[in-house]
Amino acid sequence: MSRPDLILRGGTVIDGSGGARFAADVAIAGDRIAAVGDLGGMAAASEVDCSGLVVAPGFIDVHTHDDRYLLEEPLVPAKASQGVTTVVVGNCGSSLAPYTRADLPKQASAMLDDPRWRFPTAGQYFEALDAGRPAINAAVLVGHRSLRFNCMDDLERPATGDEIRLMRGQLREALDAGAIGISTGLFYPGAQQATKEEVADLASEMRADDGIYTAHIRDEGDRLLESIEEAAEIGRMAGVQVILSHHKAAGRTNFGKTAQSLPLIEKLRKSQRIGFDVYPYIASSTALLPGIVDRAERVHITWCKGRPEFANRDLDEVARELGGLTRADTARAVIPAGAIYFTMDEADVTRVVAHPHSMIGSDGVPWDSFPHPRLWGTFPRVLGRYARDQGLMSLEQAVHKMTGLPAAEFGFKDRGAVREGAFADLVLFDAGMVADRATFEEPKQPAAGIARVLVNGETVWQDGASTGARPGRALRRQTGTTRGA
Ligand code: ZN
Ligand code: CU
């Protein structure tokens, strides 16, 4: 073997498979792992002493809204700082591409509000990723809501046959350009009137491509179980794999419901490909939506276009300031805005995080002025708070949820593993120290305990700072291969 570029010496390898850790050196040549084992006889151009550190595959953030963040801030510090080396963008029905409208409907996510960062075709978005060279890798979903904005003059009804044909055409372009699937957000205005037949018809475009359908389901509260059934049925009708996004039970009256939803998913898994992800917090975050403010224990404003002084304030406090309005009326008075909603029970969150089939997805919102701490804290929080401190699972299982499992579900070939021949996407962390530091009060805090992060063999994060390297790649869907799940 030719001389490797780098040897990570004396670390403890957790290889992403879920198997037990072992002591090994890891050699890297170019963008790949060249060898794993006792490499005492091998020399490299440079070496890193990894004693006391875990060497794991870089984390895969399967649920993100980093579409624009990758281009605007190509060092992607919120993610690189956590050890995330790959993100899946375009979730919850919202993607920057394809976007063919000149205007922006009021139902659109704030992610789309800058016309410089909207792309008529997915091909152009991929070109922008290639040219922008972000620090980390990205795979791309097409948002069903974005397709609806492009192809429908009235969003408050199901799509017609002609409109579905138009949407399928745009989805086809995106799949051919390398998109890995479609996402929906049937919960959101602009998509609520979409029927399961509409989504299934659209998603069936991907059958031969082995595309993925990710679902922010219609209702994560009172109709949680029915909404899971609906997403699963869409998957069966379309003949495609389903990923349920940010699995949770929302609202006090639904606390404990994940004790029913998880067995339901397990039952479904016996007859179809269906997986799910979770973020490790009891609060959710999205736009400030008047219709849902009352089901939260507490609502925290994350940004506010018309009244920036309301950002980082409690909605009830603002309501009092505005003369004692109701929460819903206050929301109506200050939107467009973003919010954090305290709507979950810790027992549900830990139940989902601990489930052997859950993947980890941050669902962070990078354009918020005071983002939900999940944007900077998700992965270290699972490793520190939930695996180490609470003993919810072994560190090996926690790493598997963020690496080997998502790589298999999403078909990222040669990623999510520490083994010879795999891409050198790696994170070196201190298992005793790793912890999230981002809080609701101070959300933009890099994690503790992440020593070094490599993407495609290059170090992108080291000792608390970006290195400036931008070796990330767009992970285009591989044609002609069948993904394993
Ligand atoms: Zn969502
Ligand atoms: Cu989301």
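Residue numbers run from 1 in the order of the sequence given. Order of listing sets the numbers, starting from 1, for every ligand and every atom in it. These numbers come from a predicted model, not from an experiment.
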Look only at the side chain of D61 and the backbone of S362, and say whether a donor-acceptor pair between them is shorter than 3.5 Å.
yes
Any salt bridge between R476 and D130, counting N to O under 4.0 Å?
yes
Within 45 degrees of the axis of the six-membered ring of F423 and under 6.0 Å from its centre: does R415 put its NZ or CZ there?
yes
Answer yes or no for R145 and Y188: cation-pi contact, defined as NZ/CZ to six-membered ring centre under 6.0 Å and angle to ring axis within 45°.
yes
Report the angle formed at the Zn ion (ligand 1) by atom NE2 of H246 and atom ND1 of H216, rounding to the nearest 10°.
100°
I'd like to know whether the aromatic ring centres of F440 and H300 sit less than 6.0 Å apart in this structure.
no
Quick one: side chain to side chain contact (heavy atoms under 4.5 Å, CB included) partners of R223, sequence neighbours excluded?
D219, E226, S227
Spacing of I340 atom CD1 and I301 atom CD1 [to the nearest 0.5 Å]
10.5 Å
Could you grab the protein N, O or S atoms closer than 2.8 Å to the Cu ion (ligand 2) for me?
H63 NE2, H65 NE2, C92 SG, D363 OD1
Does any N, O or S atom in H63 come within less than 2.8 Å of the Zn ion (ligand 1)?
no
